[in-house]
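Only heavy atoms go into these numbers, but all of them, side chains included; no hydrogens, no water, no symmetry mates.
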Amino acid sequence: MSLHRLARISIAAPRTDAVRAFYREFGLAETAPGCFATADGGEQLRIESGPRRTLRELTIGVDDADDLARAASALARLGVAVEPSARAIEAVEPATGVRVRLEIQPRLEQKPPARVALNAPGRADRVNARSRGALSEAPAPPRKLSHVVIGSPDAPASRRFFVDGIGFRVSDEMPGLGASFLRCSTDHHNLLVQPGPVPFLHHTAWEMDDQDAVGRAAAAMVATDPERHVWGFGRHGIGSNYFWYLRDPAGAFAEYTSDLDVITEDEAWKVAASVQVHPLAAWGPPVPKSFLAPDDIAGLARGEA
Ligand SMILES: [Fe+2]
């Protein structure tokens, strides 16, 4: 696969001071005003001022100039204008206005965390020692940007742009919601496009070491402000990942996640429809209505911040 990583996003939001403070507390490092880095992925989030929460730009890492040329001709076949430069191409997704940049970048190498020893019936892998998850040290900060989810007023057109133009692979579909789980790396999904009355940012997700890191980081955020809690702790069916969603001050959700499925061969992967996966959650609290249809969407459609 020539696309190899979700490198960076720029989001627009009102009340940027409060939004920036939220993501600092979330565990991202603010390296310059509005620019945030993860532990492994470098600068991955830029927060800009805008009337409502939207995804403005998405940067994807590719291997070489051939990959850029391939995407440029596929986009041209869809009638999309392409802006080339020395090591990148850019194009704007027409339905959402998201600017997509493909850039030649080295592949991301991540150093794995120390293996967690788990005890199970008949198998004691951790003896005479407490679980790391039970100790009170702060969890390691997010390792990388995992995925981003956006609403599109024309989800099929957005899907066409990302799959047939940019070159995303489809890992799973959720026909009831009209949503597609798309990947530009070996992660099960880096992008999900769902229908919405206006383009909006639904959530960003950030990869943590393991489920204890997800639980502890989210619990600390909720202890500071219980109103931030949205949905979790649970495990998704599609993607298999553990999740806990919080609400940022602009109304976008921010997910701590771990243990997402990895797909290295299309032929070996069985789509969710064929293996009876529960689409939303294998387990967890009931999904709140505001997760599927955020409370402020009608207001956003009327142009309110
Ligand atoms: Fe997610």
Legend entry - Asn190 side-chain N/O to Ser146 backbone N/O, donor-acceptor pair under 3.5 Å: yes

Legend entry - Joint hydrophobic cluster, Val287 plus Ile238, side-chain heavy atoms closer than 4.5 Å: yes

Inset, instruction - Please determine if Arg101 and Glu57 form a salt bridge, counting it only when a charged side-chain N lies under 4.0 Å from a carboxylate O. - result: no

Inset, instruction - Apply side chain to side chain contact (heavy atoms under 4.5 Å, CB included) to the pair His147 and Phe181, showing each step before the final yes or no. - result: CA-CA 10 Å; His147 57 270; Phe181 293 78; over 6 Å; no

Legend entry - Test: Asp187 and Lys144 ion pair at under 4.0 Å: yes

Inset, instruction - Run the salt-bridge test on Asp259 and Arg235 with the 4.0 Å N-O cut-off and return the result as yes or no. - result: yes

Inset, instruction - Can you sort out the partners of Arg53 under salt bridge (Lys or Arg N to Asp or Glu O under 4.0 Å), two or more places apart, ordered by chain and number? - result: Asp296

Inset, instruction - Evaluate the side chain to side chain contact (heavy atoms under 4.5 Å, CB included) criterion for residues Leu280 and Met174: first the C-alpha distance (whole Å), next the side-chain angles of each, then the deciding distance (0.1 Å), finally the verdict. - result: CA-CA 9 Å; Leu280 275 175; Met174 227 165 156; 3.7 Å; yes

Inset, instruction - Taking atom types as modelled, find out whether Thr31 and Glu43 have a side-chain donor-acceptor pair closer than 3.5 angstrom. - result: no

Inset, instruction - Decide yes or no on side chain to side chain contact (heavy atoms under 4.5 Å, CB included) for Phe22 and Arg228, but give the supporting numbers first. - result: CA-CA 10 Å; Phe22 175 93; Arg228 290 168 168 167; 3.9 Å; yes

Legend entry - From Leu55 atom CG to His202 atom NE2, the distance as rounded to the nearest 0.5 Å: 14.0 Å

Legend entry - Single-linkage hydrophobic cluster Leu191~Val92, side-chain heavy atoms < 4.5 angstrom: no

Inset, instruction - For side chain to side chain donor-acceptor pair (under 3.5 Å), just list the numbers for Glu93 and Ser158, CA-CA rounded to whole Å, side-chain angles, deciding distance to a tenth of an Å, and then say yes or no. - result: CA-CA 7 Å; Glu93 197 281 297; Ser158 299; 3.1 Å; yes

Inset, instruction - Hey, can you tell me if Trp231 and Phe243 have their rings parallel, tilted or perpendicular (30° and 60° cut-offs)? - result: tilted

Legend entry - Donor-acceptor contact below 3.5 Å, side chain Asp212 vs main chain Gly215: no

Legend entry - Modelled atom types, side-chain donor and acceptor of Asn241 and His189, under 3.5 Å: no

Inset, instruction - Please say which of Val193, Leu192, Ile11, Thr204 ends up in a side-chain contact (heavy atoms from CB on, under 4.5 Å) with Ile150. - result: Val193

Inset, instruction - Check the pair Asp63, Arg107 against side chain to side chain contact (heavy atoms under 4.5 Å, CB included), reporting the backbone distance first and the verdict last. - result: CA-CA 8 Å; Asp63 285 324; Arg107 292 188 171 228; 2.6 Å; yes

Inset, instruction - Determine yes or no for a side-chain-to-main-chain donor-acceptor pair under 3.5 angstrom, with His4 supplying the side chain and Gln105 the backbone. - result: yes

Inset, instruction - Kindly assign one of parallel, tilted or perpendicular to the pair Phe291 and Phe253, based on the angle between their ring planes and the thresholds 30° and 60°. - result: parallel

Legend entry - Electrostatic pair Asp266:Arg169 at N-O distance under 4.0 angstrom: yes

